[in-house]
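Comments concern the structure below.
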Amino acid sequence: MKLLLFLINLTFAASFKSKLYNNTAIITIATGGYNANSLVSSLRNKGKWNKKIYIFSDPCTPKINNTVEIRLPKITKTPLESKILKMEILNYTSEDFVLFLDSDIVLNKPITYFFNKINIFDNNCDAYMPHDMWYSKKFKINGGIIFVKRNKSNYFLQIWKDTILNRNYKGNKDQPALKKLIEDKLINICIIHDSLIFYAPDTTNKYREISTAVFTHYLKFKSNYN
């Protein structure tokens, strides 16, 4: 009986992994002079991702083949204007799950490693996001990777956007608003495992190793990297 239950649970888990993978869209932002060429190339090659990749673009963004372009009518002029697009990722996609990746991220191995680590989307989570760099003094969570579920994460994305658009909000980044929502316990962010992300500035490799990471996030190195 125990063996039978084990096999049933194993079959269910494998089925859900397939559903998670097959019903996910990947989306990024390439505006204000940035491009997503390296991200898209690594997703297709090392990431083995053959499904949809959506790209928020503006008039200065070159078109990338085999992607879904979400064209903005005007060039984004401020970092915050671009970052607010993160909160719109469910509005421009149709899949059950959406994975947002910053455009300065590259894949080191098949993205199935990521889905296998998540396994099942916990409905107690408003979203999955990674820890920030271990030496960050400001933020615990990094907004460069966001994994969300339709009809579950909508409230989180909306309240994050509303906080930023509040006339009392200061700064040109999205993370102070995220930090406040977490500290006020208005949202519940579940952690993407540290082993999946390598931060390029993280030279000590305190938590992460590039040899095992699925994602490399270049952060402040993006100008050198591009």
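Start at 1 with the first residue, then count along the sequence. Keep in mind that the numbers below use all heavy atoms, side chains included, and drop hydrogens, waters and symmetry copies.
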- prompt: Is there a side-chain contact between I192 and F114, using heavy atoms and a 4.5 Å cut-off?
  reply: yes
- prompt: Y128 and I145: side chain to side chain contact (heavy atoms under 4.5 Å, CB included), yes or no, with the steps?
  reply: CA-CA 8 Å; Y128 283 80; I145 301 178; over 6 Å; no
- prompt: Of all heavy-atom pairs between S195 and K117, which one has the smallest distance, and what is that distance?
  reply: OG-CE, 4.2 Å
query: If two hydrophobic side chains count as joined below 4.5 Å and joins carry through other members, does L165 share a cluster with L181?
result: yes
message: Just by distance, no angles: are the side chains of T76 and T31 close enough, under 3.5 Å, to form a donor-acceptor pair?
response: yes
Where P130 and I197 come nearest, the two heavy atoms and their spacing: CB-CD1, 3.4 Å
- request: Could you tell me how the ring of F147 sits relative to the ring of F97: parallel (under 30°), tilted (30 to 60°) or perpendicular (over 60°)?
  value: parallel
- prompt: For K170, does the NZ atom have more than 12 heavy-atom neighbours from other residues, nucleotides or ligands under 6.0 Å away?
  reply: no
task: For the pair D102 (side chain) and D104 (backbone), establish whether a donor and an acceptor sit closer than 3.5 Å, ignoring hydrogens and angles.
output: no
field: Side chain S42, main chain L39, donor-acceptor under 3.5 Å
entry: yes
- request: Just do the side chain to side chain contact (heavy atoms under 4.5 Å, CB included) check on T24 and K51 with the steps written out, would you?
  value: CA-CA 8 Å; T24 294; K51 302 184 184 304; over 6 Å; no
query: How far does CD of E183 sit from NZ of K180, to the nearest 0.5 angstrom?
result: 8.0 Å
message: To the nearest 0.5 Å, what is the distance between NZ on K149 and CD on E95?
response: 15.0 Å
- request: For atom NZ of K46, decide whether the heavy atoms of other residues, nucleotides or ligands shown that lie under 6.0 angstrom number more than 12.
  value: no
- prompt: Does C190 have any disulfide bond (SG atoms under 2.5 Å apart) partners at least two apart in sequence or in another chain, and if so, which?
  reply: C125
task: Please check if the side chain of T28 supplies one atom and the backbone of L101 the other of a donor-acceptor pair under 3.5 Å.
output: yes
message: A side-chain contact here means heavy atoms from C-beta on lying under 4.5 Å apart; do L85 and I70 qualify?
response: no
field: Residues N116 and T112: side-chain donor-acceptor under 3.5 angstrom
entry: no
field: Flag side-chain contact, heavy atom, 4.5 Å: Y169 against L80
entry: yes
message: Going by the rule ring pair (Phe, Tyr, Trp, His ring centres under 6.0 Å), which residues pair with Y92 if we only count those two or more places apart in sequence or in a different chain?
response: F56
field: side chain to side chain contact (heavy atoms under 4.5 Å, CB included) assessment of K63 paired with I55
entry: CA-CA 9 Å; K63 178 73 171 67; I55 301 178; over 6 Å; no
- request: Report yes if the side chains of D174 and I84 come closer than 4.5 Å at any heavy-atom pair, otherwise no.
  value: no
query: Taking side chain as C-beta onward, heavy atoms only, is N142 less than 4.5 Å from L219?
result: yes
Expected output: side-chain Y21 to main-chain F115 donor-acceptor under 3.5 Å: no
- prompt: Which heavy atom in L178 sits nearest to a heavy atom in F156, and how many Å separate them?
  reply: CD1-CE1, 3.8 Å
task: Begin from the C-alpha positions of K152 and D126 and carry the test side chain to side chain contact (heavy atoms under 4.5 Å, CB included) through to its verdict.
output: CA-CA 6 Å; K152 170 59 186 174; D126 291 301; 4.2 Å; yes
- request: Using modelled atom types only, decide if a donor and an acceptor are shared between the side chain of S41 and the backbone of N37 within a distance under 3.5 Å.
  value: no
message: Would you say that more than 12 heavy atoms from the other residues, nucleotides or ligands in this model lie under 6.0 Å from the NZ of K48, or not?
response: no
- prompt: R44 versus I53: any side-chain heavy-atom pair under 4.5 Å?
  reply: yes
- prompt: Are N166 and T163 close enough that a side-chain donor and a side-chain acceptor fall under 3.5 Å?
  reply: no
task: Specify the closest pair of heavy atoms between I64 and A36, including all atoms of both residues, with the distance to one decimal.
output: CD1-C, 3.7 Å
Within-4.5 Å side-chain heavy-atom neighbours: L107 and F215: yes
Pair S57, E69: side-chain N/O donor-acceptor within cut-off below 3.5 Å: yes
- request: Looking only at non-hydrogen atoms, find the nearest pair between F121 and A127 and report the distance.
  value: CZ-CA, 4.4 Å
- prompt: At their closest point, which heavy atom of I141 faces which heavy atom of Q175, and how far apart are they?
  reply: O-NE2, 3.3 Å
field: Result of checking I111, L99, V40 against W49 for side chain to side chain contact (heavy atoms under 4.5 Å, CB included)
entry: I111
